[in-house]
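Worksheet: the structure to be examined is printed underneath.
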Amino acid sequence: MEMAFTAQLLLLSSLFLQPVLVLSQTNGSIAVGGSLTATAEGNSSSSWLSPSGDFAFGFRPLGNNDLFLLSIWYAKIPDRTIVWYANNKPAVAPLGSSVNLTAHSGLVLTSPQGKELWKSETIVGVVANGVFNDTGNFVLEDDSSKKLWESFKNPTDTILPGQIIETGGSLASRQSETNYSKGRFQLRLQQDGNLVLNSINFTTASTNTPYYGSATTTGTVPGSEGKQLVFNDSGYLYVLRENGGKYTLTWGNRVSAMAYYTRATLNFDGVFAQYVHPKTFSGNASWEPLWSLPENICLDIDADSGPGVCGFNSICALSAADKRPKCECPRGFSLLDPNDLYGSCKPDFIQSCEEKEEEHLYDVQMLTNTDWLTSEYSRLEEFTADNCSESCIQDCLCGVAIYSNQTCWKKELPLSNGRVDSSLRATTFIKFRKDNSTLPVPPSPSPDDKKNNKTTFTGIRPVILATALLVCLVLIAAAFSLGLFFTFQKKQVRIMQSGLNISLRPFSYQELQEATNGFTEELGRGSFGVVYKGIIQNGSQVQVAVKKLHCVIQDGDKEFKTEVNVIGKTHHKNLVRLLGYCDEGQQRLLVYELLSNGTLASFLFADVKPSWGQRIEIAYGIAKGLEYLHEECSTPIIHCDIKPLM
Ligand SMILES: *[C@@H]1O[C@H](CO)[C@@H](O)[C@H](O)[C@H]1NC(C)=O
Ligand SMILES: *[C@@H]1O[C@H](CO)[C@@H](O)[C@H](O)[C@H]1NC(C)=O
Ligand SMILES: *[C@@H]1O[C@H](CO)[C@@H](O)[C@H](O)[C@H]1NC(C)=O
Ligand SMILES: *[C@@H]1O[C@H](CO)[C@@H](O)[C@H](O)[C@H]1NC(C)=O
Ligand SMILES: *[C@@H]1O[C@H](CO)[C@@H](O)[C@H](O)[C@H]1NC(C)=O
Ligand SMILES: *[C@@H]1O[C@H](CO)[C@@H](O)[C@H](O)[C@H]1NC(C)=O
Ligand SMILES: *[C@@H]1O[C@H](CO)[C@@H](O)[C@H](O)[C@H]1NC(C)=O
Ligand SMILES: *[C@@H]1O[C@H](CO)[C@@H](O)[C@H](O)[C@H]1NC(C)=O
Ligand SMILES: *[C@@H]1O[C@H](CO)[C@@H](O)[C@H](O)[C@H]1NC(C)=O
Ligand SMILES: *[C@@H]1O[C@H](CO)[C@@H](O)[C@H](O)[C@H]1NC(C)=O
Ligand SMILES: *[C@@H]1O[C@H](CO)[C@@H](O)[C@H](O)[C@H]1NC(C)=O
Ligand SMILES: *[C@@H]1O[C@H](CO)[C@@H](O)[C@H](O)[C@H]1NC(C)=O
C-alpha cells in the first residue's frame, strides 16, 4: 500500500492536470436568499464551492436523463466522488429544480413545478447564513453563529474527517453505484454502544442480525461501551468509549492528511471501507482502500443475517484486490435482470421429473469450495464424489450437490447465500442441462386464430367453458367435465331464426335424442342439468357433449336465448365451442364440442404430472381464453363460472 502511494506522489510534479470545472468561488458563506438551479453541467449557478475549492455543494447530473442529485462532492478530483446527498424519495431532482436557503426552513429543494422535494430537517431558530466549511460540512448558522443544521449531522453513506456519529446514528448504503435511493445495508452505532453492520428486511422494515459488530458494549468493564464513532481530523476512525478509551478501526499504513483526501463509505454492497486519494493528482490517481469491514462479506453474511449480497442462485466471491464482493451466475444460469449484476440468477432450463434420465439430459459442473447455505433437502453419508454427482444427476429435485468428507448434501433451487469458501474443502456439483435448451417460449398471440399454427401446442389445448352471467345459475352445476381435444374443422351453418342472430345450428329434440342414443352415456351431472355424450352427423361424425337443462326457471326462455346468443358469438380456440342448441317446447339443450380428456384438474393431478413446459402452455392458453372473453370478443362477457378442461 505504502509503495503504491509513494509512487503516485513522485509522479505528481510531472503529471499535473487541472480539472475542467467552472464553479463559483465563494468565501464559504452563503446568505439567506441564495439559491442554486439544476442546469447543464459546469454551470456556475448549479453549485457553491468551499473556500479552498475542495468541496462543492449543489446539483450533479445523474446519467443523461435530465435528473440531478443535490449533493456535496470532491470538486478537485476528476471522479468528483459524492460524499453527501439529499435523501429525498426518489433521490433525484428534475432539470430546473432549485435549492434555496431560507430563514425559517433552511435549505429547501423544489421542483420546477414548485413541488417541495426535500428540506433540511426542522430548523429551531432563524437561519442567518450558510457556511460551507473546507471539511465538506455544510452548516446553517443563526446570527450568533449557533449551528442549526449540519450535513455532518445528517450523513448518508459516507463519513469524513471531522465528522462524528452519536449513539443511535447511522449510515445507509445506496441502492447501487449509480442509484442513490436507500439501499439494503446500514452502519449503526447502537444504543448499547456496539458499532454494527446489518442488512434491512425491506418487507418488514426491520434490521437483520448484524454481520459485523465492534463488540464495544459494556461487557465486563463498565464504561467501555461506545458513545461516538469519531473520524478525527488526522484520518483516524474509532469508536470512542464512555470511559474515554478508543476502539480503533483504522489499520494499515497511514497517509498524510495534508496530502490525501480520505473518506469512509458504506458501499452499496455492504462493505464499509476507508479510502484515500492524493489531493494533487496525476491522470491515473484513484481511491485506494486502506481497510474494509467485514473481513469477507460473502462469508460473514450467513443465513441469520439475511440474504447475501448476491441474489438467489448466485455465487459471491471476494475480489482480492479491493475486498469487494463479486457475484457470478453458475453455468446454465443467467441474470434475471441483466442490468443488476448483484441480482438473482435464473436457470436457463426447466428440470422435469418426467423426463427419463436414460436420455442423459443433465450433467454437472464441478466447482471447488462453493456452497449455498440453505435449501438442503437430503444428506447422504458414506458416499464417494462420483456417487454424489450421480445421485444429483439422477434426482429431478436436485439443483446442486456439495460433497465433503464422504458426505453428500443435495440442495434444491432457489439457492441463497451462495459463496466461495476456501475453508470448506468441498467439491460442488451444479447441475445443468446438456442441450442448453432454454425455457419454452409461449407462442406469440396471433391476431387471427384461424391462421394460428396449432402445431405450436404440443398436443395440449387447455380450454375454458364459460357461461354468461344471466344464466349461470342454471348452468353452474351443469357445466361438468365435457371433455376434449378435438380439433373442429366443421363448417358453420349460418342460420337466422327466432331472434338468434348467430351461426349456430338448431337441433330438434328428436335429433339430439338420437345423437345421444336416448340420453344414455352421461358425462356429468349437476343440480341444473345433465351432460351426455353424443355423435352428430355433419358430413362426417362429430362427437359432442349435450347439456340438458332440466330446471326451467321463470323467464327461462329469454335467459336461455341470451346465453345461447352470447356464448354462440364467442369463437376462440381456448374456449369450448357451442355448436348448437335445442329450444323446443319445455326442452332446453345446448350442444358443445366434446373435449374427451376431462378436466384440467384430472390432468394436473394425474399420476404422471405434466412437465413445466406443458404447465406453461396451459396457463398461457387459459389466460388467452380469458383475455378473449374479457377484452376481445365483440360483447365482453361477464362470466360467473368457468371450467378448465383439456
Ligand atoms: C463572504 O462573502 C460575503 C459576500 O460574498 C460577505 O458578505 C462576507 O462578509 C464574506 N465573509 C468573509 C468572512 O469574508
Ligand atoms: C447557466 O444557467 C442559467 C440558468 O439556467 C443560464 O441563464 C445561463 O446562461 C447558464 N450559463 C451557462 C454558462 O451555461
Ligand atoms: C428559489 O430561488 C429561485 C432563483 O432565485 C427562485 O426563482 C425561486 O422562486 C425560489 N424558490 C422559492 C421556493 O423561494
Ligand atoms: C470549519 O472548519 C474548521 C476546521 O477546519 C473549524 O475550526 C470551524 O469551526 C468550522 N466551522 C464551522 C462553521 O463548522
Ligand atoms: C433506484 O432504485 C429504486 C429502487 O430499486 C428504483 O425505484 C428507482 O427507480 C431507481 N432509480 C433510478 C434513477 O434508477
Ligand atoms: C486522531 O486519533 C489518533 C489515534 O487515536 C491520534 O493519534 C491523533 O492524535 C488524533 N488526531 C487528532 C487531530 O485528534
Ligand atoms: C495509467 O494507466 C494506464 C493504463 O491503465 C497505464 O498504462 C499507465 O502507465 C498509467 N499511468 C500512470 C502514470 O500510472
Ligand atoms: C423478511 O422478514 C419476513 C418476516 O420475518 C420473512 O418472512 C422474510 O423472509 C424476510 N425477507 C428477507 C429478504 O429476509
Ligand atoms: C457408489 O459408486 C460405486 C461405484 O460406482 C458403487 O459400487 C456403489 O454402490 C455406489 N454407492 C452408493 C451408495 O450408491
Ligand atoms: C468426517 O466425517 C466423520 C463422520 O462422518 C467425522 O467423524 C470426521 O470428524 C469428519 N472429518 C472432518 C475432517 O470433518
Ligand atoms: C452449451 O453451452 C456450453 C457453454 O456455453 C457449450 O460449451 C456447449 O458446447 C453447449 N452445448 C451444446 C450442445 O450446445
Ligand atoms: C406450422 O408449423 C409447422 C412446423 O413448425 C410448419 O412446418 C408449418 O409451415 C407451419 N404452418 C404455418 C401456416 O405457419
Side-chain angles (χ1 to χ4, degrees), residues 38 59-71 82 85-95 97 117 134-135 156-157 159-164 172-185 199-200 202-203 205 214 216 226-241 243-258 260 262 264 268-269 274 276 290-291 311 336-344 357 364 378-395 398 401 403 406-410 427 429:
F59 291 100
R60 273 284 294 279
L62 287 176
N64 44 14
N65 299 326
D66 280 348
L67 292 176
F68 294 78
L69 186 68
L70 180 62
S71 50
I82 289 173
Y85 43 93
N87 245 327
N88 47 318
K89 278 188 201 170
V92 287
L95 178 71
S97 297
L117 300 175
D134 275 333
T135 54
T156 51
D157 61 359
I159 178 170
L160 294 173
Q163 196 165 356
I164 288 170
S173 72
R174 47 179 106 144
Q175 191 72 228
S176 71
E177 203 65 61
T178 52
N179 184 330
Y180 291 80
S181 293
K182 207 169 188 175
R184 278 206 296 136
F185 301 98
S199 64
I200 299 165
F202 274 135
T203 343
S214 64
T216 47
K227 67 167 186 179
Q228 284 179 334
L229 175 64
V230 178
F231 204 174
N232 81 8
D233 290 335
S234 35
Y236 283 82
L237 190 63
Y238 53 83
V239 178
L240 182 64
R241 302 179 191 267
N243 61 16
K246 292 174 180 176
Y247 176 85
T248 306
L249 297 167
T250 312
W251 302 289
N253 293 317
R254 301 294 318 150
V255 292
S256 148
M258 296 295 285
Y260 287 88
T262 185
F268 73 93
D269 53 22
Q274 184 178 351
V276 291
L290 277 184
W291 54 264
L336 197 57
D337 172 0
N339 297 320
D340 184 6
L341 299 178
Y342 293 78
S344 295
E357 184 34 44
V364 287
S378 172
R379 177 187 173 154
L380 303 158
E381 315 248 339
E382 290 181 26
F383 258 43
T384 64
D386 284 348
N387 291 143
C388 187
S389 72
E390 196 52 34
S391 166
C392 186
I393 291 173
Q394 299 285 347
D395 179 348
C398 185
Y403 179 76
Q406 298 183 19
T407 308
C408 178
W409 286 268
K410 291 199 284 184
T427 308
F429 302 102

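Numbering of ligands and ligand atoms starts at 1, following listing order.
Across Leu117 and Pro94, no two heavy atoms sit closer than the pair CD1-CD, 4.0 Å. Of all non-hydrogen atoms in Lys182 and Gln175, the two that sit nearest each other are O-NE2, 3.0 Å.
Atoms of ligand 5 found under 4.0 Å from any heavy atom of Ser181 (numbered from 1 in listed order, with element): 1 (C). Heavy-atom contacts of Tyr236 reach the following atoms of ligand 6: 1 (C), 2 (O), 3 (C), 4 (C) (cutoff under 4.0 Å). Using a 4.0 Å cut-off to heavy atoms of Asn179, the atoms of ligand 5 that qualify are 1 (C), 2 (O), 3 (C), 8 (C), 10 (C), 11 (N), 12 (C), 14 (O). When each atom of ligand 6 is checked for a heavy atom of Tyr238 under 4.0 Å away, the hits are 2 (O).
Qualifying side chain to side chain contact (heavy atoms under 4.5 Å, CB included) partners for Leu69, counting only residues two or more places apart in sequence or in other chains: Leu62, Ser71, Ile82, Tyr85, Ala91, Tyr180. In this view, Asp340 and Asp337, Tyr342 satisfy the side chain to side chain contact (heavy atoms under 4.5 Å, CB included) rule, not counting sequence neighbours. Among residues two or more places apart in sequence or in another chain, the side chain to side chain contact (heavy atoms under 4.5 Å, CB included) test is passed with Leu380 by Ser378, Phe383, Ser391, Cys408, Lys410.
Interatomic distance, OH of Tyr238 versus CG of Leu249, reported as 11.0 Å (0.5 Å rounding). Rounding to the nearest 0.5 Å places CD of Gln274 at 10.0 Å from CD1 of Ile159.
With no hydrogens or angles considered, a side-chain donor-acceptor pair links Asn179 and Ser181 at under 3.5 Å.
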Any protein N/O atoms within less than 3.5 Å of an N/O atom in ligand 9? List the atom names and distances, or say none.
| unit_1 | atom_1 | unit_2 | atom_2 | d |
| --- | --- | --- | --- | --- |
| ligand 9 | 2 (O) | Asn387 | OD1 | 3.4 |
| ligand 9 | 2 (O) | Asn387 | ND2 | 2.2 |
| ligand 9 | 11 (N) | Asn387 | OD1 | 3.3 |
| ligand 9 | 11 (N) | Asn387 | ND2 | 3.3 |

